[in-house]
Number of protein chains: 2
Amino acid sequence: MRAGRPRWASSSSTSRFRPTRASCGSPRCSTSRISSPPSTSDHRGRLEQQMTTTRQPGLVSVARHAGVSVGTVSNTINRPHLVAAETKARVRASIAALGYVPNRAAAALRRGSNPIIGLVIPDVMNAFYAAIVDAVVEAADRHRYAVSLCVSHDDPDRERRHFELLAEQRAAGALVVPVDADRSRLAQLRAFGTRLVLVDRRAEEAEGCSVAVDDVLGGYLAVSHLLQGQGNGVTIVNGHPAIPQCHDRREGARDALVEAGRNPDSLIEFVVATMNFAAGVEVARRIVAQDAPRRIFCINDQLALGVIEGLTAQGLRVPEDASVIGYGDLGLGASSRLSTVGQPKHEMGDEAVRKLLDELMDGESHVHTATVFPPHLIVRGTSSHAHDLTVA
Amino acid sequence: MRAGRPRWASSSSTSRFRPTRASCGSPRCSTSRISSPPSTSDHRGRLEQQMTTTRQPGLVSVARHAGVSVGTVSNTINRPHLVAAETKARVRASIAALGYVPNRAAAALRRGSNPIIGLVIPDVMNAFYAAIVDAVVEAADRHRYAVSLCVSHDDPDRERRHFELLAEQRAAGALVVPVDADRSRLAQLRAFGTRLVLVDRRAEEAEGCSVAVDDVLGGYLAVSHLLQGQGNGVTIVNGHPAIPQCHDRREGARDALVEAGRNPDSLIEFVVATMNFAAGVEVARRIVAQDAPRRIFCINDQLALGVIEGLTAQGLRVPEDASVIGYGDLGLGASSRLSTVGQPKHEMGDEAVRKLLDELMDGESHVHTATVFPPHLIVRGTSSHAHDLTVA
DNA sequence: TTGTAGGCGTTATCAC
DNA sequence: GTGATAACGCCTACAA
């Protein structure tokens with residue numbers, strides 16, 4: 001089917017233009033008109049409300065068709081156990097025959113709540129959050145909930161706007177990675193009856209359920225692993241310590257040193273502004289120049305890959321001359337040679353949905369819980385068959 | 001605030017357990033009870049429908065409070081130009097005073113359509129689709145539409161289930177990367193009145209709008225770039241040619257050879273089953289063993305990074321001894337040294353939303369269009385300040 | 001086990 | 001410009 005598509009060569013003019021962020025009206029991209037829709041038999045003037053054509057069939061149509069009452073049809077759909085088998089069958093047949101599609105908006109209006117789960121994350125391009133989105137969407141689908149996604153980009157306004165949307169939809173609940181520590185917006189949403197589960201953050205006081213990961217333990221695992229190799233001292237390449245993750249992972253690193261009988265202050269720290277590949281390359285230069293320890297814990301994988309690149313460019317061999325460990329298992333998936341600390345992302349998303357649904361179902365008897373998942377060490381590149389290792 | 005969190009050391013037992021995919025009931029992750037919610041003042045027995053507490057204020061409450069009719073309140077919200085300035089102000093004050101939140105479910109019921117855009121993609125973890133999600137969510141937010149996300153994982157059932165959901169919600173429209181070539185499901189959804197825009201696929205016949213990227217051009221750009229370097233012949237590391245992207249990019253590669261006055265059949269092809277890092281490493285071995293051309297076009301970035309790794313492991317230097325180019329710009333973001341072909345992902349998502357909204361607004365007069373975006377070459381690693389280059 | 005009827009909160013069409 | 005009022009399609013006591 002795609003064989004019939006026009007070859008680029010046949011319209012080489014398109015290759016002249018590079019898309020910009022401007023509007024697409026300009027000839028920068030080839031836009032072809034497709035036969036204008038021949039007013040597909042659906043020319044209903046907006047004035048004639050009463051059409052002879054059978055509009056979207058509702059419960060009533062189904063009821064008539066099956067020779068039962070609307071209540072029975074509703075019951076067959078929502079509480080099948082209350083309906084006699086034979087009636088049920090007849091109703092179902094009618095539903096299929098008429099192509100009836102229930103109207104959730106009407107149900108939501110009546111019930112006062114909508115089977116929609118809001119999901120607010122800071123960034124979809126980030127593999128960590130993407131994994132959570134994946135898990136949440138899957139779990140929600142299993143329970144026939146819709147997922148209304150919001151990407152906050154750390155903008156409180158966006159977050160608030162999505163909260164309003166959820167409130168207007170009378171969404172059943174929301175899973176949110178809050179933008180900042182200001183919980184007043186969250187409280188506001190909750191006050192409106194929307195159940196909330198915090199993700200990647202601890203819920204405080206008795207405000208609700210939460211799902212998080214133990215970054216202190218993660219830092220500990222990473223540095224404990226480094227300490228098993230040869231060398232002396234440990235270097236940490238960190239982001240700004242005001243970021244909770246950075247703070248916590250460093251704490252864990254210090255714990256590992258303490259456990260090994262060393263002074264936690266012996267940890268040599270390099271702080272970078274942006275935690276990416278380029279910064280890693282740059283830090284590698286400083287590490288070599290200052291002759292810092294060659295057992296290096298990087299706060300994330302991109303930084304780690306950058307450091308390796310930088311070390312290699314300076315003639316050092318990894319892992320012979322230096323040990324590097326990353327964090328997050330987000331770089332190239334399981335394909336690179338980098339050891340790292342993995343986080344149970346899918347489980348987190350899963351558990352968040354579970355908590356929310358539990359709160360929705362149990363209602364009064366629900367007890368808020370805070371689950372903290374332990375990360376795990378992933379050791380790679382030691383043998384030709386790199387594999388995941390779990391360290392107790 | 002996070003200072004108060006328990007240190008891992010204080011409950012070292014958690015570090016003993018590694019989460020499995022099983023249920024969270026087991027002691028594998030530390031779950032702490034948070035003070036049980038003291039039945040937050042909200043103990044309304046399900047029998048007493050009539051509560052004395054002012055339920056959620058509706059249009060009527062606002063109307064009463066402002067001393068106007070419901071119609072006027074509705075108008076102040078939806079068609080402010082029809083309302084006198086002074087009345088408008090009074091109504092708005094009442095809305096704020098009562099904390100009124102409009103009920104979208106009711107509006108949707110009445111209007112027959114819901115301001116929700118469905119988005120169906122095969123995979124959120126894939127950076128290409130993640131970028132599209134990001135763009136779509138942002139554009140939808142600008143217009144106050146909600147985005148209902150579905151990740152199909154190439155499963156037609158999931159796709160169908162989400163289509164049903166959208167139909168039940170009376171969603172305004174949907175953006176979809178279809179699972180397969182079978183367009184009957186799409187037709188079904190469309191028949192229900194949901195507007196559809198195809199993403200990363202060409203719409204056929206007059207079925208609707210679509211947004212895609214020109215992979216033939218992308219392959220051409222990549223190989224043209226390789227041909228500018230020294231060496232003779234070109235190697236392509238490809239996925240299965242039944243995948244449209246793989247097929248098209250190879251076509252473009254052949255076009256480039258033709259343009260350079262070479263025989264397109266001189267292209268040496270290695271086909272891999274899974275297009276990841278490990279496969280790249282393996283292919284590199286075969287390339288060296290068979291002495292295939294050292295100008296290598298890889299169908300994606302992961303493969304390319306694997307090939308570089310494999311070549312390096314065999315003692316070759318890149319780019320001195322071999323030129324490698326990837327595709328997609330998805331590897332490490334803009335941070336690696338790999339040249340590649342970039343796709344205007346954000347523009348695609350943006351344009352898809354624009355087409356959908358246009359169809360929604362214009363109604364009858366809407367004309368379906370198919371937009372094909374040109375990819376662009378990204379050359380990296382040539383200087384110490386790697387930067388993006390656009391080639392005309 | 002099934003039928004009946006009232007109302008959920010909005011929108012839109014009228015008169016005024 | 002504003003006020004009444006009739007749907008929209010479904011759920012759920014309650015009656016039969």
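Reminder, nothing fancy here: chain letters follow the sequence lines and each chain counts from 1. Because only heavy atoms are used, hydrogens play no part in the values below, and waters and symmetry mates are left out as well, while side chains stay in.
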[N] [atom2] sits how many Å from [X] [atom1], rounded?
X      : N      : atom1 : atom2 : value
A:R90  : C:dT2  : CZ    : C1'   : 11 Å
B:R104 : D:dC8  : CZ    : C1'   : 18 Å
B:L109 : C:dA12 : CG    : C1'   : 14 Å
B:I95  : C:dG9  : CD1   : P     : 16 Å
B:R170 : D:dG9  : CZ    : P     : 8 Å
B:L59  : C:dT11 : CG    : P     : 7 Å
A:E86  : C:dT2  : CD    : C1'   : 13 Å

Sorted by chain and residue number, the side chain to side chain donor-acceptor pair (under 3.5 Å) partners of B:S365 (sequence neighbours excluded) come out as none
Sorted by chain and residue number, the side chain to side chain donor-acceptor pair (under 3.5 Å) partners of B:T76 (sequence neighbours excluded) come out as none
Residues in side chain to side chain contact (heavy atoms under 4.5 Å, CB included) with B:A171, at least two apart? B:I116, B:L166
Can you check whether [X] reaches [Y] side chain to side chain, under 4.5 Å on heavy atoms?
X      : Y      : value
B:V151 : A:E138 : no
A:D141 : B:H162 : no
B:F163 : B:R185 : yes

Which parts of residues 70-80 of chain B get close to DNA chain D, meaning a heavy atom less than 4.0 angstrom away? B:V70, B:T72
Between [options], spot the one nearest the side chain of [X], thanks.
X      : options               : value
B:V68  : D:dT2, D:dG3, C:dT2   : D:dG3
A:R111 : C:dT10, C:dT2, D:dT12 : D:dT12
A:N103 : C:dT10, D:dG9, C:dT4  : D:dG9

Terminal axes of the helix from C:dT1-D:dA16 to C:dC16-D:dG1 (5 end pairs apiece), angle rounded to 10 degrees, sit apart by 30°
Taking all heavy atoms of A:P57 and all of A:S61, pick out the closest pair and write down the distance. CA-OG, 3.7 Å
To the closest 0.5 Å, what do you measure between CG (A:D358) and SG (A:C209)? 7.5 Å
Looking at C:dT10, does its base get a donor-acceptor pair with the side chain of B:R110 below 3.5 Å? no
Touch class at under 4.0 angstrom, heavy-atom based, for A:V83 against every strand present: sugar-phosphate
Ranking A:P102 and B:A85 by the position along DNA chain D of their nearest nucleotide, the one closer to 5' is B:A85
Distance-only donor-acceptor hits, side chain of residues 95-108 of chain B, under 3.5 Å, sequence neighbours excluded:
| unit_1 | atom_1 | unit_2 | atom_2 | d |
| --- | --- | --- | --- | --- |
| B:N103 | OD1 | B:A105 | N | 2.8 |
| B:N103 | OD1 | B:A106 | N | 3.2 |
| B:R104 | NE | A:E168 | OE1 | 3.1 |
| B:R104 | NH2 | B:R144 | O | 3.2 |

